[in-house]
Amino acid sequence: MASIDPSLSPHAEADGPRRGERILAFAKSAAKLIATLLVTVLGLLAITFIIGRVVPIDPVLAVLGERATAEQAEAAREAMGLNEPLWVQFALYVRDAAQGDFGKSLLTARPVIEDIARVFPATLELATIATIIGVVLGIPAGVLAATKPGSWVDQLVRLIGLMGYSMPIFWLGLMGLLIFYGNLGWVGGPGRLDTSYEFIYDLDVPQRTGAILLDTALAGAWDVFRNALTHIVLPATVLGYYSMAYISRMTRSFMLEQLSQEYVTTARVKGMPEWRVVWVHALRNVMVPLITVIALSYANLLEGSVLTETVFAWPGLGLYITNALFSADMAAVMGGTIMVGLVFICLNLLSDALYRFVDPRARP
Amino acid sequence: MKALRRDWLLDPNPASRGQARAGQFYLGWLRLMRNPLAVIGLVIIAILIVMAVFAPLVATHDPIAQNLAGRLQPPLSPGHWLGTDEFGRDIYSRIVYGSRVTLYIVLLVTLTAPVFGLLIGTVAGYFGGWIDTMLMRLTDIFLAFPRLILALAFVAALGPGIGNAILAIALTAWPPYARVARAETLTVRNSDYIAAVQLQGAGSGRILFSHIAPICVPSVIIRVTLDMAGIILTAAGLGFLGLGAQPPLPEWGLMISTGRKFMFDQWWVATMPGMAIFIVSLGFNLLGDGLRDVLDPRSTGK
């Protein structure tokens, strides 16, 4: 079914002109990619600029509060460059952002970029574990559902998925806390560690990555590790459930498509065991589009993290953004928003690149 | 009489355009009714609408009347079968009135965002060239933000409140519709009937609004129905964070947020409104799934 481009075969590399053409084509597509990336990032900054500077009636008021005197306001106006024309302001904004300067947070009195670097590992740790849960449970569930469409397994997977799409994530988190922490006491409560362990972690464990599970495992501090595990298991499961709902649904539909292909029939006719047809031949082809899905769900977890982190008092990027919101700390809100947007773009790019790596047909 | 009407609807040789359309609609309806999950979804939404319209009749109490003597009553206590909250307000009545807030948000968002998306998408798809590139780049940039985060940023700038929350959700909800509409437009823009209209001298505006936009409507409607649950969840999330509806408005997300403070002792205050959100979103998701099977022949028979 796939007509393979001759330029992709290893022999094509030997002859000179073809090779030159390929390098040129590669350079062209790379240049195009970089241009698209730049435009997207610029657009991202434009949106945050508009939200942060143009939409509020008076940005000075947002920074200084209502009790500022007229002179203070004028000084701040000058310092923020608000007397310049809008396009100059935007150019300055882009220049600062390119240097990683998103302004100073009102709440912590530190540069926003430092704050983000401090809180981001917590979010990353949570999202990674949630994605692992989603992949480990979601792919087999989707495959099982696709092998027997219409069966009770299929209905069950569909129902679990639909419930995931319909439940407010913050409510599910609260219910989890109520049952597994409040009533049963099986898991740790809000936060990343118990208070007593927090001291041990801060003082005794070298913080190389900022991800507690990784740090403590590297340092061999297993009691802190265990405590961190009891704290992360509930928020990660809640987020992982959403990821699973999405991944299983997509796996099912990709798998159904593959199972109706002729190579599957051929494999069956040859007498290959059914499990091998499904789990080896078809699944390998499903993995290609699934990479995009997994990257997307990983990115969506960042969004889910805003609410989940609020519920679980998880000191990550989401909680940072919401806390900043309530203290009208616009620089921090916008810095966090840009950060999430950048991660989103990078993940999309990464999934594109992986896609090309795994599927030769998608190469230029 | 009933059989007669059915014959008229299913007449293979409709006498008028109206009859043909009604017949098509009836066939779609029959197909939808054959899907039990979709019927459940439809029933849930019907109940929601009835509840919202007749809220004063359905509710047993005033949703904002406080009664501090009867605060935090458990469910099934006399007169309050879902219990009361921290001000002694009847949770059941607040959920009933909350359906108005939910429907209000959903209606306003679904009346604005898809129309805007449709406009952007059809214009981009029909004209192509640099207009297409520009509009789609804009769409991609908006899609580069997770929806809730962008809505949060908008609300942060505009200030909290239900009006601003709706505006923020609408501003973040249009890009997928633009994508869908553009894809549909691309498939029909070179077809013969468009060429025929062009030869008859129709202007771009006429072609877009009378001949292309209607083609895109079914796929946009499917998207909207599937998105409604997302809109409800986003609105509830904003309410939960305290950025959407403000007290004492009985918005479900906000109710969960206040109930959170008493969660470990009075579980029902946070649990009940969450159930309401869950059931309503599930209803929209079930109906959306069913509608997709009916309206989009490509996805049937999997």
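Within every chain, numbering begins at 1; the chains are lettered A, B, ... in the order of the sequence lines, protein sequences first and strands thereafter.
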Measure the acute angle between the ring planes of A/Tyr181 and B/Phe264, then classify it against the limits of 30° and 60° as parallel, tilted or perpendicular.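 Rings of A/Tyr181 and B/Phe264: perpendicular, over 60°.
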Report the distance from atom [atom1] of [X] to atom [atom2] of [Y], rounding to the nearest 0.5 Å.
X: B/Ile232; Y: A/Ser166; atom1: CD1; atom2: OG; answer: 9.5 Å
X: B/Leu241; Y: A/Phe170; atom1: CG; atom2: CZ; answer: 8.0 Å
X: A/Thr310; Y: B/Phe240; atom1: OG1; atom2: CZ; answer: 6.5 Å

Heavy atoms only, distances under 4.5 angstrom: which of [options] has the most pairs with chain B? Name it, please.
options: A/Asn348, A/Ile169, A/Asn183, A/Val311; value: A/Val311
options: A/Met334, A/Arg249, A/Glu257; value: A/Arg249
options: A/Val340, A/Leu42, A/Leu172; value: A/Val340

Okay, side chain of A/Trp171, backbone of B/Thr271: is any donor-acceptor separation there less than 3.5 Å?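 Pair found, side chain donor or acceptor close to backbone of B/Thr271.
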All N/O donor-acceptor pairs, side-chain side in residues 313-326 of chain A, below 3.5 Å, sequence neighbours left out:
{"from": "A/Trp314", "atom 1": "NE1", "to": "A/Ala122", "atom 2": "O", "distance (Å)": "3.0"}
{"from": "A/Tyr320", "atom 1": "OH", "to": "A/Asp115", "atom 2": "OD2", "distance (Å)": "2.9"}
{"from": "A/Thr322", "atom 1": "OG1", "to": "A/Gly318", "atom 2": "O", "distance (Å)": "3.0"}
{"from": "A/Thr322", "atom 1": "OG1", "to": "A/Leu319", "atom 2": "O", "distance (Å)": "3.0"}

Just so I know, are the side chains of A/Arg158 and B/Leu37 near enough to count as touching, which here means a heavy-atom distance under 4.5 Å?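 Yes - at least one pair of side-chain heavy atoms lies under 4.5 Å apart.
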Are side-chain heavy atoms of B/Leu152 and A/Val333 found at a separation under 4.5 Å?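 No. Closest side-chain heavy atoms not under 4.5 Å.
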Non-hydrogen contacts under 4.5 angstrom with chain B: give the residues of residues 173-180 of chain A involved, or none if there are none.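 Contacts with chain B: A/Leu174, A/Met175, A/Leu177, A/Leu178.
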Can you tell which of A/Thr40, A/Ile345, A/Leu45 makes a side-chain contact (heavy atoms from CB on, under 4.5 Å) with B/Ile141?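 For B/Ile141, the side-chain contact (heavy atoms from CB on, under 4.5 Å) check succeeds only for A/Thr40.
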Determine the minimum heavy-atom distance between B/Ala153 and A/Thr337, stating which atoms define it.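 Shortest heavy-atom separation between B/Ala153 and A/Thr337 comes out as CB-OG1, 4.1 Å.
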A/Thr48 versus chain B, the contacting section by heavy-atom distance below 4.5 Å: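 Side chain of A/Thr48 only, per the 4.5 Å heavy-atom cut-off to chain B.
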With a sphere of 6.0 Å drawn around [atom1] of [X], does it hold more than 12 non-hydrogen atoms of other residues, nucleotides or ligands?
X: B/Met134; atom1: CE; result: no
X: A/Phe90; atom1: CZ; result: yes
X: B/Met275; atom1: CE; result: no

Is B/Leu138 in contact with chain A via its backbone, its side chain, both, or neither, using a 4.5 Å heavy-atom distance?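 It is neither, since no heavy atom gets under 4.5 Å.
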Test log, rule side-chain contact (heavy atoms from CB on, under 4.5 Å), inputs B/Arg137 and A/Thr36: CA-CA 9 Å; B/Arg137 202 48 48 231; A/Thr36 313; 3.4 Å; yes
Between B/Gly283, B/Pro273, B/Gly274, B/Ser281, which has the largest tally of heavy atom pairs under 4.5 Å with chain A?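 Ranked by heavy-atom pairs under 4.5 Å with chain A, first place is B/Gly274.
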